[in-house]
Amino acid sequence: MNQIMSNKRVIALYTLPALLLIMVLIYVPLALTGYYGLMDWDGIGEMTFIGLDNYAALIVDGAFWSSAWHSLLLAVFSVGSLVLYLGVSLVLASDVKGANLFRKIYLIPMLLSSVAIAQLWLRVYHPTNGVMNRFLTSIGIENPPLWLADTSIVLFAIFIPIIWQYAGFYIIIYYAALKNVPNEIVEAARIDGASPLQIAYKIKLPLIAGIIKVTIVLAVIGSLKYFDLIYVMTDGGPNGASEVMASYMYKLAFRTNEFGYGSAVGFFLLILILIVTYLIRKATTSKDDEVQY
Amino acid sequence: MSNTAAMEKSGQGIKIGSLRLKLSSMILYLILGLVALLQILPLIWLLLFSLKDNQEVFNLAPFALPQDPQWSNYARVWVDGNIGLYFFNSVLVTGISVILTILLASFVTFALTRMQWKLSKLALGLFMVGLMIPVHSALIPLFSFFTTIGIMDNHLSIILTYTAFNLPLTIMILLGFYYTIPRELEEAAIVDGCSIHRLFFRIILPITAPVVATTAIINMIYNWNEFVFVNTFISSDSLKTLTVGIQNFIGQYSTDWGAIGATLVISMLPILIAFFLLSNKIVEGMTSGSVKG
């Protein structure tokens with residue numbers, strides 16, 4: 001039995017194809033991004049080693065820091081919106097009929113491609129024919145905002161479809177976690193006279209703290225690498241007002257052929273995400289931390 | 001659900017304030033209903049304008065029914081917009097990637113959970129770290145790698161990339177199920193003289209059918225909606241998948257609302273059909289796939 005289940009040839013046969021694939025297409029490219037980041041390279045011609053010059057340029061690149069600031073804002077918004085999702089989930093998990101149907105309806109936008117969502121919301125925000133401004137003019141607002149053309153609100157305008165898109169995803173996660181809270185504990189608190197709000201705040205939330213941490217990590221990482229919707233809706237514009245790190249990196253590499261500098265930005269993004277993940281995990285980890293269900 | 005029953009019981013016990021209870025539960029439903037409405041309203045608006053001509057889009061109220069539904073919008077974009085071809089490409093790429101991913105992931109998960117080998121922890125770690133890699137950090141090296149080996153602008157480049165980048169998530173979802181398969185099962189099979197390949201293909205793989213279905217639908221959604229890789233690796237119009245194809249098409253016909261609407265609805269249709277048939281599997285996959293990180 002043990003001999004058969006530790007047959008090296010079978011193990012190699014079963015694991016090497018997948019390992020090879022993630023090595024060649026994920027890990028080697030990540031290392032190469034670090035390597036290319038030390039080069040001056042247009043993607044076609046010869047590479048020239050320039051040491052840390054790309055990173056020195058990065059430090060004084062205002063356009064990059066502005067994109068990083070937008071990514072950070074996005075992360076703050078996203079974590080903030082988790083509170084909203086959590087509120088809806090608490091309601092959903094509080095013994096309502098049809099909860100299953102509700103959470104499925106909430107999930108629908110999450111299943112659609114970001115490109116389709118972006119194209120749809122481009123129409124929603126259309127200055128004259130979009131449903132948003134048609135609604136605003138119908139209630140008497142004479143000069144509704146030019147959502148995506150206004151540098152001061154474009155980032156907020158893009159954030160609305162993002163909240164919309166991800167709502168169902170986080171709600172089903174919270175809902176599943178809340179449904180896992182042992183009923184006896186909730187009942188005991190109720191008998192002791194705790195109000196629904198107290199039960200939610202003092203009992204349910206602490207019990208799903210592990211899941212909340214995971215969703216914070218997901219929301220922050222997801223925001224830092226966010227790309228699709230912004231690329232399609234505004235292409236980082238107007239005038240860089242909605243540029244984020246990933247869209248900036250993409251432009252450097254595939255529009256202006258700055259492969260070396262683009263790689264430096266890509267590598268920075270990778271390191272940033274690894275550090276942030278580590279920090280959040282560390283900051284929120286307690287002794288009894290075992291996120292499993 | 002025992003939860004509901006218990007709560008109803010305690011609800012009956014407390015006769016006082018039953019009116020208050022009714023009122024507060026009405027407010028709860030109002031909140032949930034409002035969120036549900038917000039989640040589907042933009043999609044209803046999309047469906048409506050996909051059946052209108054520009055005249056109606058500009059002049060009728062946004063949510064007015066089309067007076068003369070323009071089904072021809074759909075026929076027109078299917079033929080003129082190459083949507084039929086993009087659709088076929090999406091089916092092809094998605095289908096092959098899903099099969100390849102699940103087969104490779106099942107092999108690996110079997111070896112990780114049922115077989116004994118020293119480096120299994122390390123292999124597991126490699127796959128799990130792959131979960132949080134930002135794709136942009138690997139994009140430039142992948143681009144130059146595919147150019148070098150000559151599969152740029154070839155479906156193979158995106159099929160391999162989708163497979164590699166979806167392996168971690170797929171393995172993670174499979175793991176939970178594989179751990180629950182009783183060891184006695186394979187012991188009995190081996191004692192009966194069953195070879196390890198036969199054990200895997202004839203006994204283990206069929207048992208995992210439910211979780212394979214879950215991972216298949218999740219993979220399908222991700223691949224169908226993927227944008228960055230297709231946008232970067234595929235340049236021939238005849239090879240594009242729906243996400244990038246509709247992006248180009250809409251760019252050219254940006255003033256024809258009906259055509260844009262019809263294109264978007266067509267691109268969402270397979271996902272929505274899958275959703276109506278398999279929503280439980282999707283919810284299961286989304287929760288298990290995200291939370292155990």
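A, B, ... follow the sequence lines: proteins, then strands. Residue 1 opens every chain.
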From CG (Leu101(A)) to OG (Ser279(B)), nearest 0.5 Å: 9.0 Å
Looking at CD1 of Ile140(B) and OH of Tyr261(A), how far apart are the two atoms once the value is rounded to the nearest 0.5 Å? 12.0 Å
Is it the case that the side chain of Trp164(A) and the backbone of Leu38(B) share a donor-acceptor pair, with hydrogens and angles ignored and the cut-off at 3.5 Å? yes
Interface check, chain A: of Phe110(B), Phe145(B), Phe143(B), most non-hydrogen pairs under 4.5 Å belong to Phe143(B)
Geometric class of the Trp257(B)/His126(A) ring pair [parallel <30°, tilted 30-60°, perpendicular >60°]: perpendicular
Greatest number of heavy atom pairs closer than 4.5 Å to chain A - which of Ile250(B), Ile221(B), Ile40(B), Leu104(B): Ile250(B)
Which bit of Met23(A) comes within less than 4.5 Å of chain B, counting heavy atoms only: side chain, backbone, both or neither? side chain
Roughly how far, to the nearest 0.5 Å, is the NZ atom of Lys97(A) from the CG atom of Leu32(B)? 13.5 Å
Does any part of the side chain of Ile133(B), heavy atoms only, come nearer than 4.5 Å to the side chain of Ile273(A), both counted from C-beta? no
Does a side-chain heavy-atom distance below 4.5 Å link Leu142(B) with Leu25(A)? yes
Assign the ring pair His136(B) / Tyr250(A) to parallel, tilted or perpendicular, where the plane angle (0 to 90°) is split at 30° and 60°. perpendicular
Quick check on the interface: out of Phe267(A), Tyr36(A), Tyr27(A), Phe259(A), who has the most heavy-atom pairs with chain B under 4.5 Å? Tyr27(A)
Are Trp117(B) and Thr15(A) packed together at the side-chain level, in the sense that at least one heavy-atom pair is separated by less than 4.5 angstrom? yes
Using heavy-atom distances under 4.5 Å, tell me whether Thr33(A) contacts chain B through its side chain, its backbone, both, or neither. both
I need the Phe107(B) CZ to Leu19(A) CG distance, nearest 0.5 Å. 13.5 Å
Is Leu46(B) close to Arg123(A) at the side-chain level, that is, under 4.5 Å between some pair of heavy atoms? no
To the closest 0.5 Å, what do you measure between CE (Met110(A)) and CD (Gln39(B))? 11.5 Å
A side-chain contact here means heavy atoms from C-beta on lying under 4.5 Å apart; do Phe165(B) and Ile22(A) qualify? no
Heavy atoms only, distances under 4.5 angstrom: which of Leu112(B), Thr109(B), Ile271(B), Val135(B) has the most pairs with chain A? Name it, please. Ile271(B)
Quick check on Ile191(A) against chain B: is it the side chain, the backbone, both or neither that has a heavy atom closer than 4.5 Å? neither
Considering only heavy atoms, which portion of Ala105(B) lies under 4.5 Å from any heavy atom of chain A: side chain, backbone, both, or neither? neither
Can you confirm whether Phe227(A) sits close enough to Val228(B) that some side-chain heavy atom of one is under 4.5 Å from a side-chain heavy atom of the other? yes
Is it the case that more than 12 heavy atoms not belonging to Tyr278(A) sit under 6.0 Å from its OH atom? no
Side chain, backbone, both or neither: which part of Leu167(B) has an atom under 4.5 Å from a heavy atom of chain A? side chain
Quick one: of Leu120(A), Thr215(A), Ile108(A), who has the most non-hydrogen atom pairs under 4.5 Å with chain B? Leu120(A)
Output the option from Ser24(B), Pro134(B), Ala111(B) having the highest count of non-hydrogen pairs under 4.5 Å with chain A. Pro134(B)
Between Leu122(A) and chain B, with a heavy-atom cut-off of 4.5 Å, which part of the residue counts as in contact: side chain, backbone, both or neither? neither
Side chain, backbone, both or neither: which part of Leu272(B) has a heavy atom under 4.5 Å from chain A? side chain
Identify which of Thr147(B), Thr263(B), Leu242(B), Val129(B) forms the greatest number of heavy-atom pairs closer than 4.5 Å to chain A. Val129(B)
With a 4.5 angstrom heavy-atom cut-off, is it the side chain or the backbone of Tyr231(A) that approaches chain B, or both, or neither? side chain
Between Trp41(A) and Ser144(B), which heavy-atom pair has the shortest distance, and what is it? CH2-CB, 3.9 Å
Any side-chain heavy atom of Ile282(B) sitting closer than 4.5 Å to one from Lys104(A)? no
Between Leu107(A) and chain B, which part of the residue has a heavy atom less than 4.5 Å away: side chain, backbone, both or neither? side chain
The interface call for Leu269(B) against chain A, heavy-atom contacts under 4.5 Å, is neither
Short side-chain donor-acceptor distance under 3.5 Å, Tyr14(A) and His197(B): yes
I'd like to know which of Leu270(A), Val131(A), Val91(A) tops the heavy-atom pair count under 4.5 Å against chain B. Val131(A)
Of all heavy-atom pairs linking Phe127(B) and Ala18(A), the shortest is CZ-CB, 3.9 Å
Counting heavy-atom pairs under 4.5 angstrom with chain B, the leader among Pro196(A), Gly222(A), Pro109(A) is Pro109(A)
Non-hydrogen side-chain atoms of Phe254(A) and Leu139(B) separated by less than 4.5 Å: yes
Sort out for me which of Thr232(B), Thr163(B), Ile246(B), Ile31(B) touches chain A most, counting heavy-atom pairs under 4.5 Å. Thr232(B)
Toward chain A, the part of Leu41(B) with a non-hydrogen atom under 4.5 Å: neither
Spatial distance of atom CE (Met220(B)) from atom CG (Leu111(A)) [nearest 0.5 Å]: 9.5 Å
Check the pair Leu28(B), Ser94(A) against side-chain contact (heavy atoms from CB on, under 4.5 Å), reporting the backbone distance first and the verdict last. CA-CA 9 Å; Leu28(B) 294 189; Ser94(A) 70; 3.7 Å; yes
Let me know if Tyr106(A) has heavy atoms under 4.5 Å from chain B in its side chain, its backbone, both or neither. both
